[in-house]
Amino acid sequence: MADNSPKSVIAQIFPSFGASGDTALDNTKALQVVLQLLTTALVAVLTIIVSEWLARGTFLDISDYMTSTSRAGMVAVGIVFLLLLFTDAIIGRANQSAVFIVPLALLPAFFSGQKQLYLSDPLYPSDLLFGRQIMELLPVMVAAQPLTALAIAISATAAVLVLCTLIYKSRRLFSRIGMRSRIARLALSLPILAAFASLMDPMAFSAVRDRLNIVPMMWDQKENYRHNGFLMAFAFNVPMARISAPDGYSQPAITDIPSDRVPASFFSGRQADVIVVMSESLWDPTRLTSVRYSEDPMPTIRGAKSGDLFSPEFGGMTANVEFEALTGFSNAFLPYGSIPYQQYIRRPLPSLATFFESKGYVTKAFHPFQSWFWNRQNVYQALGFQQFRSEENMPTMDKRGIFASDDALTRYIIKEADNTEQPFFFFAVTLQGHGPYEENRYAKNSVDVDAPTLSDAPTKTLATYTQGVKEADQSLKMLMDWAKKRRRETIIVMFGDHLPPLGDVYTESGYMPNVVATRKASVQTMKREHETPLVVWSSKRGVQKDLGSVSPSQLPHVVVRLAGYRHPYYTGVLGRVGERFAVVDRHQLVGRNTKSQADWSLSGAVDPLIRDYRMLQHDVMFGEGYGIQRFFPEQAFRLQPNS
């Protein structure tokens with residue numbers, strides 16, 4: 001009869017035990033193994049519980065995640081348990097793996113929780129690509145909340161010291177594992193971990209994964225992280241850098257896409273100068289109807305307003321809005337949480353810069369911060385800008401707070417324009433409006449804020465932000481007044497990249513239910529939480545009115561058309577898309593007839609215009625470039641050898 005006693009089972013899994021023939025010794029070793037396994041299991045459970053608490057910021061829902069048969073909590077515990085066993089086997093010490101695995105699990109969860117306090121998304125693997133940017137912004141965070149920053153610094157230092165001490169002394173603290181037992185641990189953990197890794201492609205269906213109640217919800221990342229837990233959802237997002245071709249992508253499919261109805265050479269344009277200003281966090285604070293202001297903080301913008309920009313982001317991720325505005329491509333066709341500037345722009349890409357260069361324009365980009373931020377130095381080169389003026393090669397600029405002022409940047413742009421004889425296309429990204437909006441950033445606020453529903457701290461935050469809006473408005477007026485005196489027509493486009501991260505201002509005023517915007521809601525709610533002011537103005541033709549609420553990806557169509565040019569893509573493909581759809585968002589298609597289609601990408605019935613739009617974007621960014629010659633002739637010339 002088979003011996004199924006605990007000692008026998010353990011001996012089968014860990015054969016180095018139970019082989020001595022000494023019953024007392026065997027029992028001691030068996031008990032030791034049981035204690036080691038129980039300790040490992042306890043560490044795995046605590047790791048998942050604490051990581052979920054750090055990522056969610058609350059213990060609510062964690063018990064359901066850990067105990068519900070429809071959730072993946074215990075699967076996550078099992079995976080961590082196996083990772084601990086595997087690492088113990090590699091190190092050769094029982095339970096020493098906790099010193100390495102636990103911090104690797106808890107630190108990203110902590111950062112995810114902190115990120116959600118300011119932005120509307122959890123931590124994605126792509127966020128790790130710009131850790132340097134976070135370090136550069138630390139002085140801003142310290143200035144805004146010095147006591148909190150000091151507490152975090154002390155805690156982090158203590159944690160590092162404790163960890164280093166544990167690593168140094170762990171060889172003595174943790175008992176050695178015999179070679180046969182190490183092999184047994186590897187034999188148990190490695191095949192299961194490998195099998196589990198094969199299930200982690202979110203784009204492929206897995207019956208086993210489905211039975212384990214692991215559901216990759218890439219279309220709704222908040223629910224993805226809530227249902228699957230932080231560690232599992234984070235792992236699902238790792239493969240998002242892999243881009244699959246749309247169904248039906250082929251050379252004949254690209255050939256069948258119609259271009260502009262009028263040949264691009266038919267219109268030579270008016271040689272108008274073009275200045276596009278993406279104003280950091282520019283938004284209309286008078287939308288807070290419960291707040292009264294002593295004066296309109298943005299009279300120039302309001303008087304020249306053409307419509308609204310429907311930003312795909314909130315409170316940050318400026319580069320994603322910039323990507324759409326310069327290329328006419330859409331984030332809606334890219335993996336959720338991805339950042340094209342960081343992940344995908346690794347080769348020359350057509351943009352407004354390459355288009356205007358092909359028309360004989362001088363093309364320059366301006367941003368009064370360091371050139372590596374958001375990878376702009378490399379991206380602007382790939383997008384075809386002839387020059388990029390950044391903090392490194394700009395003169396020292398006057399500051400408002402710790403950031404370069406909009407006034408100083410505008411004066412620099414005017415100086416560059418006055419020294420440029422050829423027609424030019426300038427693209428500028430301002431910095432002054434960047435948060436946090438700490439009290440006393442400005443010596444004096446010229447707009448009084450009366451906010452009866454706000455407590456003291458949010459009122460001061462709003463007052464600081466409103467002063468920045470007024471100064472952005474004054475800078476636009478300066479630019480427009482200068483342009484009116486010029487002989488050559490000047491087109492000015494100005495828009496906000498996203499709503500500002502005002503925190504409790506939104507909730508206490510009743511403007512939004514949360515301190516961050518909704519990612520997926522009705523069109524009315526999405527507009528309320530994602531619209532920023534849009535100005536499109538010509539010194540000869542005035543304000544371009546009634547543009548409505550448009551995606552940033554529609555701006556190249558607006559700019560090229562207003563400059564008097566035709567183009568196979570910018571006025572052809574984008575023009576046709578714009579005739580039918582005002583907003584192309586990953587969760588909403590908003591038609592010109594105000595009808596919307598939520599979750600359009602999951603419906604299986606994608607409009608042919610959107611299908612062609614997506615296919616051509618993939619062709620240019622990731623595919624074979626079948627359509628470059630026809631849709632981007634200036635880019636085809638640029639890619640020719642010795643061109």
Side-chain angles (χ1 to χ4, degrees), residues 44 47-48 51-52 54-56 61-62 64-83 104-105 108-109 111-113 115-116 119-129 192-247 312 317 320 331-340 342-344 518-520 585-588 598-604 606 614 618 622:
T47 298
I48 294 300
S51 67
E52 291 303 312
L54 292 173
R56 299 168 193 257
D61 194 48
I62 293 180
D64 182 64
Y65 172 70
M66 295 294 294
T67 60
S68 174
T69 56
S70 62
R71 304 283 290 279
M74 293 312 296
V75 176
V77 169
I79 296 304
V80 173
F81 174 78
L82 292 171
L83 281 172
L104 288 176
F111 289 128
S112 184
K115 180 185 175 185
Q116 290 181 91
L119 302 175
S120 58
D121 284 332
L123 188 75
Y124 300 120
S126 56
D127 293 332
L128 303 180
L129 298 174
I192 300 177
L193 289 173
F196 182 78
S198 69
L199 307 178
M200 295 306 288
D201 182 357
M203 301 306 165
F205 174 76
S206 168
V208 175
R209 188 178 65 203
D210 194 54
R211 292 292 297 272
L212 293 173
N213 296 306
I214 303 171
V215 185
M217 305 176 188
M218 311 310 288
W219 61 92
D220 187 346
Q221 288 289 355
K222 283 191 174 181
E223 182 62 19
N224 188 28
Y225 278 72
R226 190 197 73 83
H227 177 86
N228 296 306
F230 171 77
L231 296 176
M232 205 92 70
F234 188 85
F236 275 133
N237 280 293
V238 171
M240 71 182 176
R242 288 208 315 265
I243 305 296
S244 301
D247 292 340
M317 307 298 281
N320 282 358
N331 290 287
F333 306 140
L334 299 174
Y336 193 105
S338 61
I339 304 133
Q342 296 283 357
Q343 295 167 288
Y344 304 136
T518 308
R519 285 289 184 185
K520 185 178 179 182
D585 180 75
R586 68 175 67 251
H587 296 305
Q588 289 278 6
D599 293 329
W600 55 271
S601 61
L602 304 176
S603 66
V606 178
R614 179 179 186 177
H618 178 86
F622 311 106

For Tyr65 and Glu52: C-alpha separation, side-chain torsions, deciding distance, then whether side-chain contact (heavy atoms from CB on, under 4.5 Å) applies. CA-CA 9 Å; Tyr65 172 70; Glu52 291 303 312; 3.8 Å; yes

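- Annotation: side chain of Val606 is not in contact with side chain of Arg614 (no heavy-atom distance under 4.5 Å).
- No side-chain heavy atom of Asp585 sits less than 4.5 Å from a side-chain heavy atom of Trp600.
- Annotation: side-chain contact (heavy atoms from CB on, under 4.5 Å) contacts of Leu193 (sequence neighbours excluded): Ile79, Leu82, Leu83, Phe86, Ser189.
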Stepwise side-chain contact (heavy atoms from CB on, under 4.5 Å) check, His227 with Met232: CA-CA 9 Å; His227 177 86; Met232 205 92 70; over 6 Å; no

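- Across every non-hydrogen atom of Ala332 and Arg586, the tightest pair is CB-N, 3.6 Å.
- Remark: Arg71 engages Asp61 in a salt bridge, criterion side-chain N to carboxylate O under 4.0 Å.
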Assess the residue pair Leu54 and Ser112 against the criterion (side-chain contact (heavy atoms from CB on, under 4.5 Å)); give the C-alpha distance rounded to whole Å, side-chain angles, the decisive distance to 0.1 Å, and a yes or no. CA-CA 8 Å; Leu54 292 173; Ser112 184; over 6 Å; no

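- With hydrogens and angles ignored, the 3.5 Å screen pairs no side-chain donor or acceptor of Arg56 with any backbone N or O of Gly113.
- Taking the side chain as every heavy atom from C-beta outward, Phe196 and Ile214 approach each other to under 4.5 Å.
- A donor-acceptor pair is defined here as one N or O able to donate and one able to accept, closer than 3.5 Å; no such pair exists between the side chain of Ser338 and the backbone of Pro340.
- By the salt bridge (charged side-chain N to carboxylate O under 4.0 Å, His left out) test, Asp210 pairs with no residue at all, sequence neighbours left out.
- Residues Asn228 and Val215 share a closest heavy-atom pair of ND2-O, 2.6 Å.
- Taking 4.5 Å as the limit, some side-chain heavy atom of Asn331 sits within range of a side-chain heavy atom of Leu334.
- The distance from the CG atom of Leu104 to the OG atom of Ser51 is 12.5 Å, given to the nearest 0.5 Å.
- Residues satisfying the side-chain contact (heavy atoms from CB on, under 4.5 Å) criterion with Pro108, sequence neighbours excluded, are Leu123, Phe230.
- Residue Asn213 holds its CG atom at 7.5 Å from OG of Ser68, rounded to the nearest 0.5 Å.
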